[in-house]
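Structure, as structure tokens:
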Amino acid sequence: MAKSQGERPAIEAGERLHGFYVLRVEAVPDIRVVAYELLHEKTGAKVLHLHGQELENLFAIGFRTPPFDSTGVPHILEHSVLAGSMRYPLKDVFNELHRGTLQTFINAFTYPDKTLYPVASQLKKDFFNLARVYTDLVLRPRLLPETFLQEGHHLEFLDPEDPESELSISGIVYNEMKGAYSSPDALMYKSIQEHLYPDVPYGFDSGGDPEVIPTLTYEQFKDFHRLYYSPSNARVFLYGDIPTLDHLVFLEEMFSGFDRVGCDSAIKSQTRWRQPLSVRGVYPIGTQEDARGKTIVNMAWMTAENSDSEEALLMEILAGLLVGTAAGPLRKALIDSRFGEDLSPVTGLERDLKQILFAVGLRGTDPEKVQRIEALILETLERVAKEGFDRELIEGTLHQIEFRGREIIRGSLPYGIILMGRVFHSWLYDGDPLSNLHFSRLIGDIRRRWEANAALFQEVLRRWLIDNPHRLLAVMEPDRDYEQAREEAFKKKMAEIRASYSLERLESIRQETLRLQAFQTDPDSPEAVAALPRLHIGDIRRTIETVPTAHDRINGVPLLIHDIFANGIAYVDVAFDISDVPEELQLCLPLLGKLSLGMGASSLDYEKMAKRIVNKTGGLGCHLAAGFVTGEKQTWQKMIFRVKALHRNLAEALEILADILTAGDLAHEARMRDLIVEGKNRLHASVVPSGHIFARMTAASSLSLPLHRDEQWHGRTQLLFAKALAAGFDRDVGDIQEKLRRLRDLVFRRRRMLINITAEGEGIELLKEGAAALIGRMTDGGAPGPAAAPALNPVHAGVAIPAQVSYVARAFKAPPYGNPLAAPLYVAARYLSNGYLYKHIRVQGGAYGGMVQYDPLSGCLAFLSYRDPRIVETLKIYADAAAFAGRERVEGAELEKTVIGTIGALDRPMDPSNRGYVAMIRHFADLTDEMRQRFRAAILDTTAHSLQEALSRYFDAALPAGVTAVYGAEDNLRKANDLLEEKLVVTPLLETDDPDRQGDRKNEDLRR
Ligand SMILES: [Zn+2]
């Protein structure tokens, strides 16, 4: 089959072009592309181009990299190749590209069996610049010994100058993985994967086990690159509107000079077991935390081969049926058993493995319940296999898969990345790269099989779960002493190393650290910097992109309407003004959202409601948002419900929303308790992985009302509230119900509503009809009163969490849009993030990341660090950054790169749903297109002088009023307090509810 590519001649299968052989050309109508599968004849490199209309082009080069151990060599290499090649000999090319181009996405990913390097851009020139540098980096990296020490691991003294001081290990990947090894979810997943696939590379941790990482040698690291990083082992994935021929010309040049080399990287299948197995592990909790009710129990199965796309999709459907919704029989049996608090976060399907993994379990349980949980899971599966699945649930699950296949999603990842994931699920294992993309064909085949055989899904259940002995029972128990024991073992090991080393060897460690520091602080040569291809301000569009918005009104309710192509899907936001909600009800707002969506409504119980939702919508959500009205002191606060649906289901989708808002159930106490506990656990589990965000919320909460609300709704205050709710549920349920009723009566009113509609053509008309019906059902009146004004008291906080690393935040008030300082400060924040902080916090400090976040809509600027081994030094770096910024003159190419990078961040592409949503938020903030245009122009016109002036003017005034919050191990917080002038008020993340213990801790404080 042939398809023309614009003006160019069609490419046909069997042709030879620019050194490539065209294996096939095939239309994939479901995602509106034509696929070109090609082979580079000289090297054997494989290429797949999905050519369509998308302006955001994606380039990704990937290699199969199955590891032989848990040293994390694939991961360390992933970091290290980005640190310069012969042609681009800069210490950190990744950071240069990240900060100075129009990239809309640039990253690198290590999987258990592959490593991928994707970049994306909306500008063709920029795209090829990025792809050129990225390809050169992976194929011809320098891999300097210094890079290995910095990214991997090295010994160093606590005081690098003093060989008498404590010996320790540092390294970016080493610290990153220490962070990952603190999270119970990550430890559980790792335990399952490693034990379920013991005889293949999945038995190792490709990311690196902190205990094993220090055994990796520089030679092994270089060998790993030599083995796997050749065009012969490469797969190149391309997506977007750039013609295929342009890609081939480019790739021919990039692969020239390489020959075909033998490389056995094929991923072997794990031999199937005859007997199930069980394992136990532990994870760290706070030394003060109660260990009861904190065990996680999982069952996991190794199932179908990933390259069998139909069987794989059957597994996806089965997982959706069993646990995908509140009506899923396995989810329900587990929750209703009360053996645990809610489902284990390791629940569902993992497809980034050769043989697909399915897992399910409970968290918040105890070791003595393990056998009962296992028995319950097996009995439930047996019962479902006998009785069959609810027909409506099957239809709903198929509808969800159709919806996901059709929806254009561009959240933090480009749509091309999502397609790349689906392609690699089969391509990596030598299956057909396109088989997962033809989803309507796959679903059609499955539907036909189901019609011919009503027991189809029961048979899948028997085949892969009930009759499959390749399964694991995994238990993860909390351990209060884990962290301390680990710390002691580490100290002992370090002492042994020191004892076994001669004085010369110790001295050489000191020398090596000093050399590494010199290497890190040494600037790149101007020639090296100039070697990178780059854009100029003249290449950049000066005009902003706007979202089409029409205004309407139904029954007094304002409507915003955005006519945007969305592939037959429509999005509705219903926003309620909540600015006058009394203080004592503010903390209940997130709960109101969660319960409104998760309980029954309009005489349907929650299970029936869940089935209705999956059958008629692509999902329902609710969230809370607040900000400043631009140019004024006023603020806005909204509770926003969102529903999305295929056009054919719109009327019913809006009816569901109307039922939820007007006739929601608040009586079903057991269900209410489950949702509260689930919400609490989810929030709790997000603290360690998002420690910097929690620290920012804590630090910023006293700076303004919108920031205060953000913390109350989403931060630690909400977590403490949720914990108290869950603990006192039986006693307080009446009180909770009463508050929620009051809140609902206050908020869900017509005079507080705004409706925001995003769809194309007929979808808009259908939505308006549905909106009129929805508005008609709402109670009238309820115009909001004056906003509440709580007292805001700044506190420097230290929040103790069970983690080996810290998250350090310092927040300041910052100017809103419209203020002349806003644009240069926006550029400056990016400059500091990618320059000063990157260098001092990450490269030299060994933290995973350091950044400045500046949001003119909420009026906050914050310094943040992520997985940081240090606290006091980091705060010092923040203070110095401001001084540095006022001193430093950024000009010439450096300034141009920073401005271009800032524009790149502003121009991040959005999917249809997001464009409509952002337009609504701008409406709340009264941020007009004229203001946005002025802001963009001011960024593009930033001069060395305006930047410097903005920095010194802003920081001089703002710095003294900064507020600090640190999330980290209690011990580290106390040690930091010994040195800090502004002492942190240290509390455990979850205050202990045992009054005796609280007393103990006070005494301990006094003793210090
Ligand atoms: Zn990493």
Side-chain angles (χ1 to χ4, degrees), residues 60-63 65-67 69-84 91-99 103 105-119 134 137-138 141 143-144 146-154 169-183 185-187 189-190 193 201 204-214 216 220-221 224-225 228-229 352 412-413 417 520 688-692 803-807 833-834 837-839 841-851 864-869:
I61 183 161
F63 306 94
T65 50
D69 55 37
S70 293
T71 58
V73 59
H75 184 190
I76 296 169
L77 204 51
E78 176 234 292
H79 282 231
S80 301
V81 299
L82 303 176
K91 283 200 291 287
D92 195 339
V93 184
F94 176 80
N95 187 40
E96 285 294 313
L97 297 177
H98 183 260
R99 74 194 182 101
Q103 53 82 17
F105 186 78
I106 179 164
N107 214 330
F109 300 118
T110 306
Y111 294 81
D113 53 14
K114 63 180 179 278
T115 312
L116 303 181
Y117 296 86
V119 285
Y134 241 40
L137 289 178
V138 296
L143 301 181
L144 300 174
E146 290 85 355
T147 304
F148 172 71
L149 298 176
Q150 174 183 303
E151 302 294 330
H153 65 90
H154 62 272
I169 299 178
S170 194
I172 292 175
V173 167
Y174 178 76
N175 287 327
E176 180 188 343
M177 295 314 292
K178 266 166 72 175
Y181 274 58
S182 301
S183 143
D185 310 0
L187 286 170
Y189 177 75
K190 173 185 132 66
Q193 186 195 300
F204 302 113
D205 187 345
S206 62
D209 179 336
E211 298 288 325
V212 189
I213 290 173
L216 181 69
Q220 289 168 334
F221 161 78
F224 200 83
H225 182 269
Y228 288 136
Y229 280 56
D352 281 313
S412 56
L413 300 175
I417 292 279
Q520 288 165 340
V688 169
S690 307
H692 60 313
Q804 303 179 33
V805 282
S806 304
Y807 303 85
S833 274
N834 293 323
L837 290 184
Y838 187 85
K839 190 164 144 197
I841 306 270
R842 178 174 165 115
V843 180
Q844 292 168 18
Y848 186 64
M851 69 208 88
L864 307 175
S865 76
Y866 188 70
R867 292 186 183 167
D868 191 345

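Below, each value reflects all heavy atoms present in this structure, side chains not excepted, and no hydrogens, waters or symmetry copies. Predicted, not measured: the structure shown is a model, and the values here were computed from it. Counting starts at 1 for both ligands and their atoms, in listed order.
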Between N95 and N834 (side chain of the first, backbone of the second, donor and acceptor by atom type, cut-off under 3.5 Å), is there such a pair?
yes
Examine distances only and state if a side-chain atom of S206 and a backbone atom of Y111 form a donor-acceptor pair shorter than 3.5 Å.
yes
Does D92 pair with K839 as a salt bridge, N-O distance under 4.0 Å?
no
Hey, does the Lys NZ or Arg CZ of R842 hover above the aromatic six-ring of Y848, less than 6.0 Å from the centre and inside 45° of the axis?
yes
Can you label the angle between the F221 ring and the F148 ring as parallel, tilted or perpendicular, going by 30° and 60°?
tilted
Counting only protein N/O/S atoms, those under 2.8 Å from the Zn ion (ligand 1) total 4
Might you confirm whether atom CD of E211 has over 12 heavy atoms from other residues, nucleotides or ligands at distances under 6.0 Å?
no
